[in-house]
Number of protein chains: 2
Amino acid sequence: MTGQVRTVDGRVAGRRGQATRQKLLDCLSEMLSSSPYRDVKVIDVARKAGTSPATFYQYFPDVEGAVLEIAEEMAKEGAGLTDLVAGRSWVGKSGWQAAEELVDGFLGFWRKHDAILRVVDLGAAEGDKRFYKIRMKILNAVTNSLTDSVKELQSKGKVDKDVNPAAVAGSLVAMLAAVASHQKGFQSWGVKQAELKPNLALLVHLGITGKKPTK
Amino acid sequence: MTGQVRTVDGRVAGRRGQATRQKLLDCLSEMLSSSPYRDVKVIDVARKAGTSPATFYQYFPDVEGAVLEIAEEMAKEGAGLTDLVAGRSWVGKSGWQAAEELVDGFLGFWRKHDAILRVVDLGAAEGDKRFYKIRMKILNAVTNSLTDSVKELQSKGKVDKDVNPAAVAGSLVAMLAAVASHQKGFQSWGVKQAELKPNLALLVHLGITGKKPTK
DNA sequence: ACTTGTCCTGTCATGCCGTCAGCTTACCGA
DNA sequence: TCGGTAAGCTGACGGCATGACAGGACAAGT
């Protein structure tokens with residue numbers, strides 16, 4: 001790995017360069033939160049950062065390229081999500097606790113990065129491998145751990161043999177991601193934030209263990 | 001409801017006008033399937049339809065406006081999804097069958113309209129109420145029916161009192177939608193299409209009834 | 001053929017894109 | 001202190017998409 005930050009035309013970026021680069025990324029992040037992805041223009045980002053469009057193009061090939069940078073950064077943070085699942089027990093009361101903390105941590109993360117995540121989601125759904133890989137990186141952190149948990153329960157005979165651990169884990173994680181993306185949507189069904197979490201935890205617990213939790 | 005198709009400037013569209021309008025919508029649909037939403041330009045759609053950009057603007061305010069038309073059309077078809085759930089029994093073998101058919105029907109629908117649905121999803125996630133309403137219209141068809149099913153089971157004492165039917169139903173539907181959007185993603189976890197469906201059905205059945213299915 | 005209303009397009013001003021040459025700034029060795 | 005060199009930034013420009021308009025082409029009825 002180089003670790004060297006480079007401009008589009010190959011120069012290495014110094015202290016000042018990295019600062020403006022970061023400022024552009026920050027402004028882009030803000031714009032993604034406040035306006036539709038389709039309407040985010042290079043000129044707006046540049047203006048917001050107090051610089052010129054030409055400067056933007058010195059550091060990024062286009063808006064998409066810059067978005068990928070932000071997403072990459074977030075993916076690193078997302079690796080920490082593993083801790084929500086790794087090495088947890090899914091039996092008895094600690095199982096319920098594990099489910100609750102997973103839901104809580106996951107929703108929190110998604111909420112914090114919702115603007116960039118919905119763009120990543122779109123890119124992945126459109127088949128762009130770069131976005132797709134980033135999405136995987138984040139979800140794998142949780143999915144792989146969950147898959148292992150199911151496999152373990154399966155080897156002990158506590159979960160049916162015909163369950164595909166990866167399919168179940170992946171589906172549950174997809175559910176968490178989807179619900180997090182559309183949290184507002186549940187309000188129109190009369191479901192409040194606070195009510196949502198325990199019900200999600202219930203579904204996760206049911207999916208992993210096949211049994212109702214003991215609270 | 002008017003039912004009258006109108007141009008942007010208020011004229012009523014005749015036979016020929018409606019034809020070109022529809023052609024524009026079809027071409028836009030195709031473009032959405034083949035290129036990123038962000039890169040779909042009016043001029044490309046017009047070119048593909050063998051007409052001029054000015055014609056496009058006669059029928060739609062912008063790309064987004066046209067997308068909404070397509071989405072609205074799809075939402076009508078989506079109302080038929082209700083049949084996948086309404087009036088089904090969730091006990092015994094028929095419960096498993098209900099789960100399987102729901103998964104199958106839902107994934108099929110999502111797959112058929114994946115291009116437009118991911119744009120709707122994006123718009124909804126970005127907080128655009130128009131997209132949001134369309135998404136609701138489709139999901140409500142299933143969610144409401146599922147909610148009723150859970151309520152019924154609850155009233156018979158077969159499901160715990162502290163379960164929120166709407167939250168569970170909404171979460172399960174969100175899961176189905178998310179998995180459908182990222183079906184390719186599961187392949188990288190070594191999960192094949194055919195394996196995915198029964199596992200999803202299992203999760204749905206578990207979520208609705210709280211019990212493992214009897215196949 | 002004439003009229004009427006629908007339908008389409010050429011054209012234009014405006015604004016964003018993406019690139020380049022050239023200017024300014026910071027760093028560094030002599 | 002003084003160039004020299006590379007980093008950093010921007011004005012300006014051709015190219016393209018946008019969105020509006022007026023006017024021409026077309027179909028249908030008289």
Side-chain angles (χ1 to χ4, degrees), chain A residues 2-28 30-32 34-69 119 123, chain B residues 2-32 34-70 119 123 128 130:
Chain A
T2 79
Q4 281 284 28
V5 179
R6 288 184 170 273
T7 58
V8 166
D9 54 336
R11 267 203 314 282
V12 290
R15 203 181 315 279
R16 188 151 72 115
Q18 293 202 27
T20 41
R21 197 186 115 105
Q22 192 56 49
K23 186 161 197 176
L24 284 167
L25 287 179
D26 292 344
C27 290
L28 174 55
E30 270 188 64
M31 300 232 70
L32 287 175
S34 58
S35 36
Y37 180 45
R38 201 168 196 281
D39 299 341
V40 172
K41 308 288 179 194
V42 169
I43 199 170
D44 296 321
V45 178
R47 229 185 319 250
K48 199 178 181 82
T51 179
S52 87
T55 303
F56 181 96
Y57 287 105
Q58 216 161 34
Y59 296 104
F60 312 104
D62 49 24
V63 172
E64 208 182 67
V67 165
L68 277 166
E69 291 291 311
V119 177
Chain B
T2 79
Q4 280 286 27
V5 178
R6 287 182 171 273
T7 59
V8 165
D9 55 336
R11 260 204 322 282
V12 290
R15 203 182 316 278
R16 189 152 70 110
Q18 292 201 27
T20 42
R21 197 187 115 106
Q22 193 55 50
K23 185 160 197 177
L24 285 166
L25 286 178
D26 293 342
C27 291
L28 174 54
S29 254
E30 270 188 63
M31 301 231 67
L32 286 175
S34 58
S35 34
Y37 180 46
R38 199 166 200 281
D39 299 342
V40 172
K41 308 288 180 193
V42 169
I43 197 168
D44 296 321
V45 178
R47 215 168 352 227
K48 198 179 182 82
T51 180
S52 84
T55 303
F56 182 96
Y57 286 106
Q58 209 157 41
Y59 296 104
F60 312 103
D62 48 25
V63 172
E64 206 182 69
V67 165
L68 277 166
E69 291 292 311
I70 298 175
V119 178
D128 187 311
R130 297 165 304 168

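We name chains A, B, ... by the order of the sequence lines, and we start the count at 1 in each one.
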Does OP1 or OP2 of C:dT19 have a side-chain N or O of A:Y57 closer than 4.0 Å? no
Between P of C:dG15 and CZ of A:R47, the distance in whole Å: 10 Å
Could you tell me how far apart B:F60 (CZ) and D:dT18 (C1') are, to the nearest whole angstrom? 17 Å
Which atom pair, heavy atoms only, marks the closest approach of B:L32 to B:V40? CD2-CG2, 4.0 Å
Spatial distance of atom OH (B:Y37) from atom CE (B:M31) [nearest 0.5 Å]: 13.5 Å
Whole-Å gap separating P (D:dG19) and CG (B:D9): 16 Å
What string of B, S and - do you get for nucleotides 5-11 of chain C, 5' to 3', if B is base contact, S is sugar-phosphate-only contact and - is no contact with any protein heavy atom under 4.0 Å? -SBBBB-
Salt bridge check, B:R47 against B:D44: does any charged N sit closer than 4.0 Å to a carboxylate O? yes
Do you know the tightest heavy-atom contact between A:G17 and A:Y59? CA-OH, 3.2 Å
Specify the separation, in whole Å, of atom CD1 of A:I43 and atom C1' of D:dC16. 15 Å
I need the NZ-P distance between B:K41 and D:dG15, as an integer number of Å. 19 Å
Take the protein atom CD of B:E64 and the nucleotide atom C1' of D:dA17, then report the distance between them rounded to whole Å. 17 Å
For A:A46 and A:L24 the tightest heavy-atom approach is CA-CD2, 4.3 Å
Integer-rounded Å distance: C:dG15 P and A:D44 CG: 13 Å
Check this for me: does any side-chain nitrogen of one of B:K48 and B:E30 sit under 4.0 Å from a carboxylate oxygen of the other? yes
